[in-house]
Amino acid sequence: MSFVEYEDTIKDGDTAIVFLGHESMFPVKVQHGNKTQTKYGVIRHSTDLIGKRYGSKVICSKGGWVFILHPTPELWTMNLPHRTQILYSTDISLITMMLELKPGSIVCESGTGSGSLSHAIIRTVAPTGHLYTVEFHQQRAEKAKEEFKEHKVEHLVTVKNQDVCKNGFGVSNVADAVFLDIPSPWEAIGHAKSALKIEGGRICSFSPCIEQVQRTCLAMEEHGFTEINTLEILLRVYNVRTISLQIPDLGKATGDIEFDSSNQSNQGILYGNLQQGNAQFKSGVPLREMVGHTGYLTFATKSLF
């Protein structure tokens with residue numbers, strides 16, 4: 001099992017996603033002899049998981065069933081153990097696009113946090129790219145390193161435990177892109193510029209407060225960055241449902257045939273028309289609650305001059 005290479009069958013030591021429903025799933029580390037308890041009953045790893053194909057329907061001990069899914073960065077984002085506040089797929093998708101990431105890209109990131117964005121970056125730059133990720137907190141850095149090893153992507157990522165604002169990323173003039181998710185990103189702009197390749201490169205800073213954005217933009221201008229642009233993504237979900245609306249009476253059109261209501265056959269036609277007074281339509285209605293502000297994404301390009 002690898003987060004960047006799909007495999008057909010579940011093996012001992014794999015990380016798999018137990019899918020009970022769209023709003024209910026969780027990760028499990030498959031180990032010979034272990035059991036996992038769900039609301040539908042027990043899943044026995046040795047007999048129910050190991051050797052089965054990913055995507056299989058597994059019958060639990062109480063008769064209920066679950067699906068076992070191959071892990072992806074998107075599924076991991078929804079199920080990972082939170083060590084910090086994380087980025088979700090809505091922001092991640094824009095970040096990977098605006099930083100122009102592709103297979104072979106070299107990326108510097110700080111801080112690592114819970115590794116949500118890190119897994120998405122690794123999947124994007126594989127198989128020949130590399131991620132250098134810096135985490136100030138020692139325990140979080142060690143845990144991230146363990147997860148990358150378990151997910152078989154450790155050859156694509158280097159984890160450093162240091163203060164990026166003081167010590168930088170540990171590399172110079174190699175990165176195609178830099179991502180900052182730290183309390184004071186303006187203090188790391190100089191190190192980000194040093195890490196980026198000599199001929200251009202993109203940078204993104206994620207900050208929840210507009211005051212942080214203002215100071216970061218000023219620091220970017222001072223270090224010669226161009227095309228500075230700040231975005232905010234607000235996700236609005238619509239619920240599609242069928243509604244019934246009354247058809248308006250627009251009067252008799254010119255050339256309509258006059259019917260003799262005393263005629264029994266014409267009475268049937270008139271009655272049928274009266275039954276067509278309502279029509280059903282598909283309508284999109286926004287949910288009463290929606291995900292609000294997550295943070296501001298500030299993008300910029302390293303000047304060639």
Side-chain angles (χ1 to χ4, degrees), residues 1-11 13-30 53-55 67-135 140-159 175-181 202 204-206 233 235 237 291 294-295 297 299:
M1 181 278 307
S2 170
F3 272 57
V4 297
E5 296 177 0
Y6 185 84
E7 295 183 8
D8 289 332
T9 58
I10 305 170
K11 298 188 297 297
D14 281 2
T15 298
I17 305 297
V18 179
F19 180 89
L20 293 84
H22 290 291
E23 301 297 329
S24 179
M25 62 184 90
F26 60 89
V28 61
K29 184 172 182 180
V30 180
R53 291 177 63 86
Y54 278 107
F67 286 108
I68 307 300
L69 306 181
H70 194 286
T72 64
E74 290 79 13
L75 289 175
W76 186 244
T77 291
M78 298 171 64
N79 296 281
L80 58 78
H82 284 228
R83 298 183 288 274
T84 59
Q85 180 65 282
I86 69 169
L87 290 176
Y88 290 92
S89 297
T90 306
D91 288 317
I92 290 173
S93 59
L94 184 68
I95 291 169
T96 55
M97 183 189 73
M98 294 293 288
L99 290 181
E100 302 175 359
L101 303 186
K102 59 186 182 297
S105 295
I106 306 298
V107 184
C108 291
E109 173 198 29
S110 183
T112 312
S114 301
S116 174
L117 177 64
S118 304
H119 282 81
I121 292 175
I122 291 170
R123 196 262 308 273
T124 304
V125 304
T128 56
H130 200 83
L131 171 66
Y132 294 91
T133 183
V134 177
E135 173 56 52
R140 288 201 292 262
E142 292 174 352
K143 185 59 180 178
K145 189 178 296 185
E146 291 176 8
E147 287 179 349
F148 293 141
K149 186 175 182 180
E150 288 181 2
H151 301 162
K152 296 181 174 59
V153 295
E154 71 274 14
H155 61 291
L156 297 170
V157 56
T158 299
V159 181
D176 298 289
V178 171
F179 177 78
L180 298 173
D181 183 6
R202 295 278 286 165
C204 174
S205 174
F206 177 89
I233 302 178
L235 179 63
V237 179
V291 177
T294 56
L297 293 169
F299 297 92

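Values reported hereafter were calculated over all heavy atoms of this structure, with side chains retained and with hydrogens, waters and symmetry mates removed.
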Just by distance, with hydrogens left out, do Thr77 and Ser116 show a side-chain donor and acceptor under 3.5 Å apart? yes
Between Lys145 and Glu154, does the salt bridge (Lys or Arg N to Asp or Glu O under 4.0 Å) criterion hold? Intermediate values first, please. CA-CA 7 Å; Lys145 189 178 296 185; Glu154 71 274 14; over 6 Å; no
From CA spacing to verdict: side chain to side chain contact (heavy atoms under 4.5 Å, CB included), Val178, Val107: CA-CA 6 Å; Val178 171; Val107 184; over 6 Å; no
Indicate the ring-plane relationship of Trp76 and Phe3, choosing parallel, tilted or perpendicular according to the 30° and 60° boundaries. perpendicular
Nearest 0.5 angstrom please: His70 NE2 to Met1 CE, how far? 7.0 Å
His119 side, atom NE2; Leu117 side, atom CG - distance, nearest 0.5 Å: 11.0 Å
Can you find a heavy atom in the side chain of Met78 that is under 4.5 Å from one in the side chain of Tyr88? no
Is the backbone of Gly21 close enough, under 3.5 Å, to the side chain of Ser24 for a donor and an acceptor to pair up by distance? no
For Ala177 against Leu101, the heavy-atom pair lying closest together: CB-CD2, 3.7 Å
Looking at Asp176 and Ile106, would you say the former's side chain and the latter's main chain have a donor-acceptor pair under 3.5 Å? yes
Assess whether a salt bridge exists between Glu7 and Arg53, defined as any Lys/Arg side-chain N lying under 4.0 Å from an Asp/Glu carboxylate O. no
Is Lys11 atom NZ crowded by more than 12 heavy atoms from other residues, nucleotides or ligands, each under 6.0 Å away? yes
Going through the checks in order, is the side chain to side chain contact (heavy atoms under 4.5 Å, CB included) test met by Leu87 and Ile95? CA-CA 10 Å; Leu87 290 176; Ile95 291 169; 3.8 Å; yes
Side chain to side chain, Val157 and Tyr132, heavy atoms closer than 4.5 Å: no
Pairwise side-chain contact, Leu156 with Val4, heavy-atom cut-off 4.5 Å (strictly under): yes
So, for Phe299 and Cys204, which heavy atoms are closest and what is the spacing to 0.1 Å? CE2-SG, 3.5 Å
Just wondering, more than 12 heavy atoms not from Glu5 lying within 6.0 Å of its CD? no
Of all heavy-atom pairs linking His130 and Val125, the shortest is N-CG2, 3.9 Å
My understanding is that only residues two or more places apart in sequence, or in another chain, count here; which of them pass ring pair (Phe, Tyr, Trp, His ring centres under 6.0 Å) with His22? Phe19
Measure the CZ-OG1 distance between Phe148 and Thr158 for me, rounded to the nearest 0.5 Å. 10.0 Å
Tell me the closest heavy-atom pair linking Pro71 and Ile17, and the distance in Å. CA-CG1, 4.1 Å
Do the side chains of Asp14 and Tyr54 get nearer than 4.5 Å, heavy atoms only? yes
Looking at Glu135 and Arg140, is there a salt bridge between them, counting it only when a charged N and a carboxylate O are closer than 4.0 Å? yes
As an exercise, state the distance from CG of Leu69 to CE of Met25, rounded to the nearest 0.5 Å. 7.5 Å
Do Thr124 and Ser105 pass the side chain to side chain contact (heavy atoms under 4.5 Å, CB included) test, and can you show the C-alpha distance, the side-chain angles, and the key distance before you say yes or no? CA-CA 8 Å; Thr124 304; Ser105 295; over 6 Å; no
So do Glu74 and Arg123 actually touch side chain to side chain, heavy atoms under 4.5 Å? yes
Pro103 to Ala126 - nearest heavy-atom pair and separation: CB-O, 3.3 Å
Interatomic spacing from CE in Met98 to OG1 in Thr96 - rounded to 0.5 Å: 11.0 Å
Taking all non-hydrogen atoms of both residues into account, name the closest pair between Glu147 and Pro81 and its distance. OE2-CG, 3.7 Å
Decide whether His151 and Ser2 meet the rule of one side-chain donor and one side-chain acceptor closer than 3.5 Å. no
Residues at least two apart in sequence or cross-chain that pass side-chain hydrogen bond (donor to acceptor under 3.5 Å, both in side chains) with Ser118, listed by chain then number, are Glu109
Could you please spell out the steps behind the side chain to side chain contact (heavy atoms under 4.5 Å, CB included) verdict for Asp91 and Thr294? CA-CA 9 Å; Asp91 288 317; Thr294 56; 3.1 Å; yes
Result for side-chain hydrogen bond (donor to acceptor under 3.5 Å, both in side chains) between Thr112 and one of Thr133, Asp181, Thr84 points to Thr133
Can a donor-acceptor pair be found, under 3.5 Å and without considering hydrogens, that links the side chain of Ser114 to the backbone of Arg83? yes
Rounded at 0.5 Å granularity, tell me how far CD1 in Ile233 sits from CD1 in Ile92. 10.5 Å
Min side-chain heavy-atom separation Tyr6-Thr72 under 4.5 Å: no
Min side-chain heavy-atom separation Leu94-Leu297 under 4.5 Å: yes
